[in-house]
4 protein chains.
Amino acid sequence: MCKAMSNFPSRLLEGYQTFMSGRYADERDRYRQLAETGQEPHTLVISCCDSRAAPETIFDCGPGELFVVRNVANLVPPYEPDDNLHATSAALEFAVQALKIREILVMGHGRCGGIKAALDPDATPLSPGDFIGNWVKLLKPAAQQIQDSQLMTGGERQIALERISIRNSMANLRTFPCVKILEEQGKLRIHGAWFDISSGELWVMDSKTGDFFRPETAEA
Amino acid sequence: MCKAMSNFPSRLLEGYQTFMSGRYADERDRYRQLAETGQEPHTLVISCCDSRAAPETIFDCGPGELFVVRNVANLVPPYEPDDNLHATSAALEFAVQALKIREILVMGHGRCGGIKAALDPDATPLSPGDFIGNWVKLLKPAAQQIQDSQLMTGGERQIALERISIRNSMANLRTFPCVKILEEQGKLRIHGAWFDISSGELWVMDSKTGDFFRPETAEA
Amino acid sequence: MCKAMSNFPSRLLEGYQTFMSGRYADERDRYRQLAETGQEPHTLVISCCDSRAAPETIFDCGPGELFVVRNVANLVPPYEPDDNLHATSAALEFAVQALKIREILVMGHGRCGGIKAALDPDATPLSPGDFIGNWVKLLKPAAQQIQDSQLMTGGERQIALERISIRNSMANLRTFPCVKILEEQGKLRIHGAWFDISSGELWVMDSKTGDFFRPETAEA
Amino acid sequence: MCKAMSNFPSRLLEGYQTFMSGRYADERDRYRQLAETGQEPHTLVISCCDSRAAPETIFDCGPGELFVVRNVANLVPPYEPDDNLHATSAALEFAVQALKIREILVMGHGRCGGIKAALDPDATPLSPGDFIGNWVKLLKPAAQQIQDSQLMTGGERQIALERISIRNSMANLRTFPCVKILEEQGKLRIHGAWFDISSGELWVMDSKTGDFFRPETAEA
């Protein structure tokens with residue numbers, strides 16, 4: 001291997017080789033077609049950066065299916081039309097207005113580091129910029145309330161906030177006019193889900209009650 | 001099936017079933033272990049929301065390997081330690097300071113809608129908030145320069161800006177003190193790559209020249 | 001060996017021997033026939049003098065197939081019907097009007113010294129005549145535009161100008177009335193290609209967009 | 001095959017495939033090395049565009065060996081340091097001053113169309129630009145003299161002028177100061193050759209007498 005290449009992580013190059021000879025080889029026509037016609041993903045997923053919670057893996061989705069935003073703790077901030085940089089809002093706007101995506105999924109997961117940080121009363125900034133501190137402020141009121149529920153265990157508080165946060169983000173999605181209007185017209189749907197990274201179980205949110213349940217246990 | 005479930009996209013439920021009986025079944029122990037010990041991903045990847053450019057797919061990576069931030073056009077904003085919400089900065093801080101990740105990859109791709117928007121002289125806001133417009137302002141100076149190269153085709157300008165943007169984001173990573181210091185000490189490495197969503201080819205950035213090349217053509 | 005011969009480069013004499021006992025021996029009848037009937041090459045190729053970019057080699061063509069003009073940077077100057085010496089124009093005229101060739105290929109290549117000279121802001125004349133300086137003036141406006149794209153790497157600017165130059169030369173071909181008329185009548189075709197002298201890859205120009213692509217990646 | 005590709009001549013694409021799987025595959029390392037280090041061709045060849053007289057073929061030379069200028073009738077114009085476009089002069093200057101080539105070969109051939117045009121008293125312009133007419137004016141005095149030699153056959157006059165022309169071009173090479181000086185210092189050599197496109201015979205010029213002879217008949 002020549003010098004220029006030797007820096008690139010070999011794990012990634014090996015994985016890429018596997019992709020090319022396996023999955024890409026199988027789906028070559030699909031990749032080409034998607035490049036020609038453009039992408040038409042059916043779902044926008046807001047999920048966490050966590051290495052154990054990749055939506056393409058969990059939902060066995062291939063190229064062209066999911067438009068994915070990933071940030072710490074899969075948060076959706078409320079609508080703030082100022083001049084600042086809003087990564088998640090920009091992605092949402094692009095998904096709904098440009099790509100005409102009509103299904104949105106907010107997917108949280110267990111043992112989320114961001115949620116843990118929000119719940120930690122002694123949290124110290126990870127760097128002078130304290131970006132995580134400022135980021136999880138989106139959860140501050142909820143985190144405060146949960147922290148006070150001392151009869152719940154640490155693990156129960158963690159899961160509780162993970163799920164409250166999902167519902168929060170879904171509510172924040174509705175502060176975006178384009179989302180709100182389309183949903184009211186019955187043209188767009190918002191879903192919530194929570195993935196147990198240990199058991200692999202997927203819990204889906206009941207839109208009427210806000211409760212999370214496992215679909216296979218609910219089958220009639 | 002019960003009523004509550006009928007809302008959740010069936011495509012996602014089917015995909016999840018495939019995941020559970022396939023991949024999860026094969027890697028069950030790994031998922032459990034990762035939940036117990038916590039994640040130790042080896043690489044932070046900043047990539048695009050685009051449905052055709054999922055890093056786990058392209059690098060054939062499994063749970064626990066990649067900590068992934070996905071935003072429109074895989075941009076890294078410069079270091080701005082104020083009180084605002086900075087999704088990408090928060091993820092970067094968490095990755096480097098909390099998870100101690102020491103390899104960072106900025107991965108761009110061909111036919112990127114965000115880059116296209118940055119290059120469009122007649123771009124009109126997708127919504128009153130114009131989040132995409134404000135988001136791609138990160139590329140405005142570069143986009144302006146490239147737009148002036150009218151002897152290049154539209155396709156050539158697109159690829160040029162996709163690659164300039166990757167180099168830009170890598171430079172912005174270095175405005176974060178924690179990243180800069182660790183890199184200077186030789187403890188952290190920053191990589192750039194560009195994925196051709198049509199041919200599946202991966203172009204890696206030569207750290208000396210900034211040029212993108214395909215590793216397989218450079219093998220000695 | 002006699003004195004007169006000792007001057008002629010031995011490498012060329014050896015190569016000629018190999019040709020006579022190999023290729024010429026195989027194609028003897030063809031050489032004789034072509035001498036009798038005259039040449040009827042199917043394609044006029046304008047390519048560079050560069051020792052790594054010989055069209056007969058790259059396209060595995062034998063005697064009688066290609067009518068080849070080679071100059072520095074494979075340039076075609078615009079139509080200038082004055083009394084001066086116009087080597088490339090004379091060859092073009094002969095190819096189209098005398099030999100009735102109806103396919104023209106302008107073939108550029110990577111790492112072209114002539115293009116590099118055109119991009120060099122500090123270029124000093126190679127000799128008082130500065131023939132190269134005057135020759136690459138054909139590219140001056142384009143070179144200036146590309147030089148202004150300082151966010152592109154030197155390698156990216158080089159490739160950009162190599163390809164712009166091919167499109168330029170194709171446009172200049174169309175300033176020759178005989179070419180223009182025949183093309184408009186659908187009787188003559190003009191093609192562009194760019195040869196990567198390192199990887200051996202051939203990039204062909206898409207006549208609709210002007211973009212260069214590799215045919216093998218475009219196969220349906 | 002997709003639409004964009006269907007225009008490119010299939011003969012060239014097939015030939016290219018043969019090149020890639022044959023010759024390029026065999027010489028891959030050499031192509032890569034030449035790209036890295038740059039070209040160091042040993043000989044500058046000025047030869048004719050004629051499809052039957054490709055120097056790489058005749059001298060069995062591979063990539064990196066020959067820097068080749070090809071124009072109609074392999075003419076070298078005299079040194080004219082004005083501001084005009086001088087394709088052959090530019091290539092000569094680049095070869096000698098930039099690439100430091102120290103062997104120059106002017107190679108003519110039998111049945112040359114350009115020489116024939118020079119000898120044709122009734123030649124009419126091939127196009128209003130009469131580029132060939134102006135180009136072969138370089139041979140006008142010599143052509144005039146040969147035309148007057150009516151006791152020679154048409155074929156003999158043709159060969160006579162082909163060889164006079166080679167000597168002419170060699171003399172014109174010496175009007176270039178850089179060439180003249182290096183030759184006088186014994187650092188550069190100029191050769192002439194004439195290729196019989198029917199028999200494949202190579203005739204080399206004796207530098208003392210100007211006669212053309214076949215090396216194999218001169219072996220001691």
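Each chain gets a letter, A, B and so on, in the order its sequence line appears, and its residues count up from 1.
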- Query: Which bit of D:Glu65 is near chain C, if near means a heavy-atom gap under 4.5 Å: side chain, backbone, both or neither?
  - Reply: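 Looking at D:Glu65, backbone and side chain both touch chain C.
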- Query: Which one of D:Asp50, D:Asn71, D:Leu34 has the most heavy-atom pairs closer than 4.5 Å to chain C?
  - Reply: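 Option with the greatest count: D:Asp50.
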- Message: Could you check whether D:Glu40 pairs with C:Arg52 (Lys NZ or Arg NE/NH1/NH2 to Asp/Glu carboxylate O, under 4.0 Å)?
- Response: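 Not counted as a salt bridge, because no side-chain N and carboxylate O are separated by less than 4.0 Å.
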- Query: Do D:Glu103 and C:Arg11 meet the salt-bridge criterion of a basic N to acidic O distance under 4.0 Å?
  - Reply: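 So C:Arg11 does not pair with D:Glu103 through a salt bridge.
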- Message: Counting only heavy atoms from other residues, nucleotides and ligands, does the tally under 6.0 Å from NZ of D:Lys116 exceed 12?
- Response: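 Counting neighbours around NZ of D:Lys116, 12 or fewer heavy atoms of other residues, nucleotides or ligands fall under 6.0 Å, so no.
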- Query: Is the ring centre of C:Phe8 less than 6.0 Å from the ring centre of D:Phe213?
  - Reply: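 Centroid distance C:Phe8-D:Phe213: not below 6.0 Å, so no.
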- Message: Would you say the ring centers of D:Tyr16 and C:Phe195 fall short of 6.0 Å from each other?
- Response: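 Centroid separation for D:Tyr16 and C:Phe195: 6.0 Å or greater.
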- Who wins among C:Ser198, C:Gly129, C:Pro63, C:Pro81 for the most heavy-atom pairs under 4.5 Å with chain D?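 Going by pairs under 4.5 Å, I would pick C:Ser198.
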- Query: SG of D:Cys61 to CZ of C:Phe19: how many Å apart, nearest 0.5 Å?
  - Reply: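 Separation between the atoms: 12.0 Å.
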- Item | Rounded distance [0.5 Å steps], CD in D:Gln97 versus CZ in C:Phe131 |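 It comes to 11.0 Å.
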- Do you know which two heavy atoms are closest between D:Tyr79 and C:Pro128, and how far apart they sit?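 Taking every non-hydrogen atom into account, OH-CB, 4.5 Å.
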- Could you please spell out the steps behind the side chain to side chain donor-acceptor pair (under 3.5 Å) verdict for C:Gln39 and D:Ser51? CA-CA 7 Å; C:Gln39 55 170 338; D:Ser51 61; 2.7 Å; yes
